[in-house]
Amino acid sequence: MTTTKIRTRFAPSPTGFLHVGGARTALFNWLYARHYGGTFVLRIEDTDLERSTEESVDVILEGMRWLGFDWDEGPGPDGDIGEFAPYFQSARLDIYKSYIKKLLDEDKAYPCYCTPEELRQRREASLARGEDPKYDRRCADLIQSEREALALEGRESVIRFRSSDEGSTVVNDLIHGEIIFDNAMLDDFVVLKSDGTPTYNFAVVIDDHLMEITHVIRGDDHISNTPRQIQVYEALSFPLPEFAHLPMILGSDKTRLSKRHGATSVTEYRDAGFVPEALDNYLALLGWSFSASDTLFTTQELIEKFTLERVSKNPAVFDMKKLEWMNGVYIREMPIERLTELVLPRLQEAELLPHEIDAETRQRVKQIASSLQSRLRTLADFVPSSRYFFTDEIHYDEAAVDEFLYQDHIPEMFEMLHAGLKNLQAFGESDIEQVFRGVQKHLGMKLGEVIQPVRVAITGTRISPGMYEVLAILGQERTCRLLENVITKVKTELSKA
RNA sequence: GCCCCCAUCGUCUAGUGGCCUAGGACGCCGCCCUCUCACGGCGGUGGCAGGGGUUCAAAUCCCCUUGGGGGUACCA
């Protein structure tokens with residue numbers, strides 16, 4: 001057992017939405033902390049002043065809450081919470097500067113006056129010569145007077161880290177094992193930009209150290225950055241945390257998951273009718289597995305079973321079909337009351353229900369939800385599938401109407417059904433079934449030959465829950481009225497032909 | 001270009017040298033249930049990238065090739 005308390009963090013940069021890849025990283029950090037009774041920190045890496053926005057921070061926090069990833073330290077409703085505040089990098093600039101000063105004082109870093117344009121040209125030139133496009137260190141050994149002269153030219157400076165060309169740097173990764181980098185491959189990278197903000201590779205080290213992060217769990221696109229960071233740790237005599245690099249999430253064409261592949265933001269999945277537990281469960285399986293046979297895990301089980309040892313090394317392709325299946329499982333297994341509550345706002349949104357919902361309506365929606373529960377893959381499916389329960393304006397599937405309704409025997413058959421249904425004292429499923437059976441027997445038809453036309457008449461389509469159930473929910477009055485409407489419609493059409 | 005990571009069914013994966021004639025899940029196909037569609041049940045299709053080694057024995061270890069991904073920014 002470890003004696004030090006585990007501390008993990010998720011450190012998104014607020015330049016857009018909470019990406020599913022980011023959500024997966026957050027999930028693993030969160031699960032790891034919860035599994036070991038550690039602390040989960042949320043830190044906002046907003047040092048890119050150009051691209052970071054406040055709205056993006058809100059969207060990310062909202063996504064985190066929706067997914068259920070509660071953080072112990074980080075942004076709170078009234079400012080940052082936690083002993084290592086602030087948790088926004090933009091509010092920690094003085095801290096970074098003090099460490100920059102330390103590096104400068106010890107000659108482990110130096111100011112560089114090359115402009116981005118000059119750097120770009122030299123990089124391209126060396127690439128064209130077939131050389132490594134490394135920074136050429138022309139500012140590495142400037143003397144004070146030279147620096148002043150460059151500054152006098154109006155040049156802005158950045159601070160570069162003086163990296164060693166000797167030896168190698170070893171990344172000891174919990175998932176990948178030892179990864180060795182030749183130090184000669186690393187150049188003197190920028191640690192402080194000319195606008196006074198630190199670069200990622202520097203700030204991440206300072207913060208992870210100061211916030212006492214014990215396990216740095218992140219996407220494996222950061223592997224190549226890790227040796228740079230390790231050199232910073234060493235230059236500042238900080239102890240190294242453990243590193244664990246997660247496999248990336250890819251799109252169906254095996255390239256990095258992006259907009260081209262469909263929805264990538266957590267918000268989109270929420271809006272599309274996915275439930276958070278399903279997304280958590282699915283995301284957990286992207287890079288982690290528990291056994292040869294288990295795939296369904298409640299969030300609590302995920303916490304209990306999650307370990308880094310069972311994280312795989314290979315990249316995972318995001319499979320929407322499997323997510324949909326899993327979401328369907330969660331919808332099927334949730335209490336009907338919850339499904340009802342989740343679906344009400346969507347029905348209001350579609351203007352199928354008023355803003356005020358009374359107990360009777362809620363009860364009715366509950367019945368409908370119950371009839372549709374096994375047929376949903378997303379909550380969004382509910383609206384089109386239940387439309388006819390709420391409005392007489394039926395959208396007819398023309399082909400189905402031609403096939404089932406515009407037949408000579410339909411008016412007579414429907415009139416028999418109408419008469420039978422109208423006379424019922426009670427309008428339960430079994431009562432309705434009696435009427436259908438009677439008509440079917442009388443006409444010498446198969447049950448389906450009676451029911452399917454009714455289905456098309458009532459729902460407009462050939463697909464719905466059991467017919468007796470649908471009619472019972474609709475109620476005697478509406479059922480009879482809808483039948484009457486259809487009988488007229490069919491007669492009119494037949495007389496035309 | 002250079003550096004790094006990765007490589008089992010279409011997809012997610014189990015597999016840590018003999019238990020593998022390679023297991024599960026999604027998808028797909030078929031059958032059953034059945035008033036349609038779902039659900040559910042049953043069955044099927046389908047894979048160790050290629051080549052060399054090591055070993056009595058390799059999906060499992062090593063090397064090479066190939067393929068994919070990432071990095072090489074005053075983005076994170």
Side-chain angles (χ1 to χ4, degrees), chain A residues 11-15 45-48 50-52 89 112 114-116 119-120 123 126-134 156-160 171 173 176 179-182 184-187 189-195 197-201 203-204 218-228 245 247-248 250 252-256 282 285-296 310 312-326 328 332 372-377 385 400 433 436 440 446-452 454-456 459 461-468:
Chain A
S13 91
T15 54
E45 305 213 331
D46 56 352
T47 54
D48 184 347
E50 301 280 307
R51 301 194 299 149
S52 300
Q89 289 190 329
C112 165
C114 301
T115 66
L119 256 13
R120 191 187 59 80
R123 189 162 42 234
S126 57
L127 221 37
R129 272 182 261 116
E131 295 166 11
D132 278 348
K134 289 169 58 175
E156 291 184 319
S157 67
V158 299
I159 305 301
R160 283 184 185 273
V171 177
D173 189 279
H176 297 268
I179 306 168
I180 300 167
F181 293 84
D182 194 339
M185 293 310 304
L186 306 176
D187 60 2
F189 55 96
V190 174
V191 285
L192 191 74
K193 302 180 232 173
S194 57
D195 65 2
T197 59
T199 57
Y200 167 74
N201 281 130
V204 73
R218 82 242 286 199
D220 68 16
D221 47 335
H222 286 292
I223 288 182
S224 302
N225 285 141
T226 311
R228 279 174 248 280
H245 288 95
M248 311 228 8
L250 274 23
S252 48
D253 58 358
K254 303 231 177 186
T255 63
R256 200 189 187 112
Y282 179 70
L285 261 26
L286 250 27
W288 174 84
S289 65
F290 178 66
S291 69
S293 56
D294 298 338
T295 48
L296 261 14
R310 297 206 57 89
S312 88
K313 292 194 261 204
N314 23 344
V317 172
F318 191 89
D319 182 2
M320 185 60 117
K321 280 272 175 46
K322 189 162 184 174
L323 205 213
E324 285 175 351
W325 162 78
M326 194 169 278
R332 254 171 265 139
L372 252 20
Q373 192 164 22
S374 71
R375 281 162 253 259
L376 304 170
R377 287 181 100 69
S385 306
E433 177 168 8
F436 274 79
Q440 173 228 338
K446 289 184 191 165
L447 226 210
E449 292 175 314
V450 179
I451 286 184
Q452 203 56 0
V454 174
R455 172 168 284 116
V456 174
T459 71
T461 73
R462 7 163 68 109
I463 296 167
S464 87
M467 216 50 228
Y468 311 140

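What's counted below: heavy atoms across the whole structure, side chains too, no hydrogens, waters or symmetry copies. No experiment lies behind these values; they were computed from the predicted model shown. In the text below, chain A, chain B and the rest are named by the order of the sequence lines, each starting its count at 1.
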Item checked: Complement of A57(B), any strand, by Watson-Crick or G-U distances under 3.5 angstrom -> none
Notebook entry, point to check: With the sugar-phosphate defined as primed atoms, P, OP1 and OP2, and the base as all remaining atoms, what B/S/- string results for nucleotides 69-74 of chain B, 5' to 3', for protein heavy atoms under 4.0 Å?
Noted result: SBSSSB
Note to self: Mind checking if S312(A) touches a base, just sugar-phosphate, or nothing, with heavy atoms under 4.0 Å?
What the structure shows: sugar-phosphate
Item checked: Pairing partner of C20(B) (Watson-Crick or G-U wobble, both distances under 3.5 Å) -> none
Item checked: Any strand: nucleotide that pairs with C48(B) via Watson-Crick or wobble, under 3.5 Å -> none
Next item on the list: Assign S374(A) to base, sugar-phosphate, or nothing according to its heavy-atom contacts below 4.0 angstrom with the strands shown.
Entry: base
Next item on the list: Ignoring backbone atoms, establish whether T47(A) has a side-chain N or O less than 4.0 Å from OP1 or OP2 of A76(B).
Entry: yes
Note to self: Is it true that, when you exclude E156(A) itself, more than 12 heavy atoms of the residues, nucleotides or ligands shown sit nearer than 6.0 Å to its CD?
What the structure shows: no
Margin query: For a quick test of reading the model: is some side-chain N or O of R129(A) closer than 4.0 Å to OP1 or OP2 of G1(B)?
Written below: no
Margin query: Strictly by Watson-Crick or wobble contacts shorter than 3.5 Å, is anything paired with C37(B), and which nucleotide is it?
Written below: none
Notebook entry, point to check: Taking the nucleotide of RNA chain B with the closest heavy atom to each, which residue, I179(A) or Y468(A), is nearer the 5' end?
Noted result: I179(A)
Notebook entry, point to check: Does the side chain of D253(A) come under 3.5 Å of the side chain of T255(A) through a donor N or O and an acceptor N or O?
Noted result: yes
Notebook entry, point to check: When we call it a touch if two heavy atoms are under 4.0 Å apart, what does R51(A) touch: a base, just sugar-phosphate, or nothing?
Noted result: base
Next item on the list: Can you tell me the pairing partner of C2(B) across any strand shown, Watson-Crick or G-U wobble, with both distances under 3.5 angstrom?
Entry: G71(B)
Enumerate all atom pairs, one protein N or O and one N or O from nucleotides 62-64 of chain B, separated by less than 3.5 Å.
none

Check: Taking atom P in both U55(B) and G70(B), what distance in whole Å separates the two?
Finding: 40 Å
Notebook entry, point to check: Within the structure shown, what part of the strands sits under 4.0 Å from P247(A) by heavy-atom distance: base, sugar-phosphate, or nothing?
Noted result: nothing
Next item on the list: Just call it for S464(A): base, sugar-phosphate, or nothing, with non-hydrogen atoms closer than 4.0 Å on any strand.
Entry: base
